[in-house]
Amino acid sequence: MPSRAEGFGLVPFEAISAGVPVLVSQESGVAMLLRTLADQAVIANALADEAIVESTGDLEADADTWSERIQRVMADRAAAFERELELRDGLSHMTWAAAVEGVLDQLRSS
């Protein structure tokens with residue numbers, strides 16, 4: 001999902017939920033979530049690093065980076081799917097019910 005910037009991005013989150021390997025721009029909301037969860041030791045830093053693609057703004061260089069990262073995933077698909085299952089397991093606490101409860105908690109404390 002090589003968007004330069006986007007809000008949260010349900011497409012990669014749904015792919016993670018389905019156990020499909022993802023690559024996301026560091027500017028995406030999903031990348032920010034993965035970094036936060038890695039910082040909190042909910043997921044391994046290596047899992048976040050494998051999913052997040054750093055971009056520079058130089059279109060040619062970024063295209064090369066994305067190409068290399070896609071090739072790396074495709075070269076060892078079994079390992080990519082194993083990492084994705086670990087990532088999915090790490091995100092399993094993030095449910096719609098938990099999201100609603102978080103919103104309600106914020107409203108109650110206001």
Step by step, would you call D89 with E86 a side chain to side chain contact (heavy atoms under 4.5 Å, CB included)? CA-CA 5 Å; D89 290 347; E86 286 182 59; 5.7 Å; no
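Rounding to the nearest 0.5 Å gives a distance of 12.5 Å between OG of S92 and CD1 of I16. Residue R88 holds its CZ atom at 13.0 Å from CG of L47, rounded to the nearest 0.5 Å. From D64, atom CG reaches atom CD of E60 across 6.5 Å, with rounding to the nearest 0.5 Å. Put simply, OG on S17 and CG on L91 are 7.5 Å apart, with the number rounded to the nearest 0.5 Å. How far CD of E84 is from CD of E82: 12.0 Å, rounded to the nearest 0.5 Å. Summarising the geometry, atom CG belonging to D62 is positioned 3.5 Å from atom OG1 belonging to T56; distances are rounded to the nearest 0.5 Å.
By the neighbour-count criterion of 12 heavy atoms within 6.0 Å, atom CZ of R77 is sparsely surrounded, having that number or fewer from other residues, nucleotides or ligands. Residue E68 qualifies as enclosed at atom CD: its count of foreign heavy atoms under 6.0 Å is above 12.
Inter-residue side-chain proximity for L34 and L87 is flagged as met; some heavy-atom pair is nearer than 4.5 Å. Counting heavy atoms from C-beta outward, P21 and R83 have side chains that stay 4.5 Å or more apart. Residues P12 and V30 have side chains in contact (heavy-atom distance under 4.5 Å, counting atoms from C-beta outward).
Closest heavy-atom contact between W66 and V24: CH2-C, 3.8 Å. Here the shortest heavy-atom pairing between I43 and G90 reads CG2-CA, 3.8 Å. Residues N45 and A38 share a closest heavy-atom pair of OD1-CB, 3.1 Å. Considering all non-hydrogen atoms of both residues, A80 and V73 come closest at CB-CG1, 3.8 Å. Taking every heavy atom of both residues into account, Q26 and V53 meet most closely at OE1-O, 2.9 Å.
Classification of R35 and E27 as a salt-bridged pair fails, no side-chain N sitting under 4.0 Å from a carboxylate O. Salt bridge status for E54 with R69: absent, with no side-chain N to carboxylate O gap under 4.0 Å.
Follow the hydrophobic side-chain contacts under 4.5 Å out from L23 and you reach M74 in the same cluster. Clustering ILVMFWY residues whenever any of their side-chain heavy atoms sit less than 4.5 angstrom apart, transitively, puts V22 in a cluster other than the one holding F81.
Between the side chain of T65 and the backbone N or O of A61, at least one donor-acceptor pair lies under 3.5 Å.
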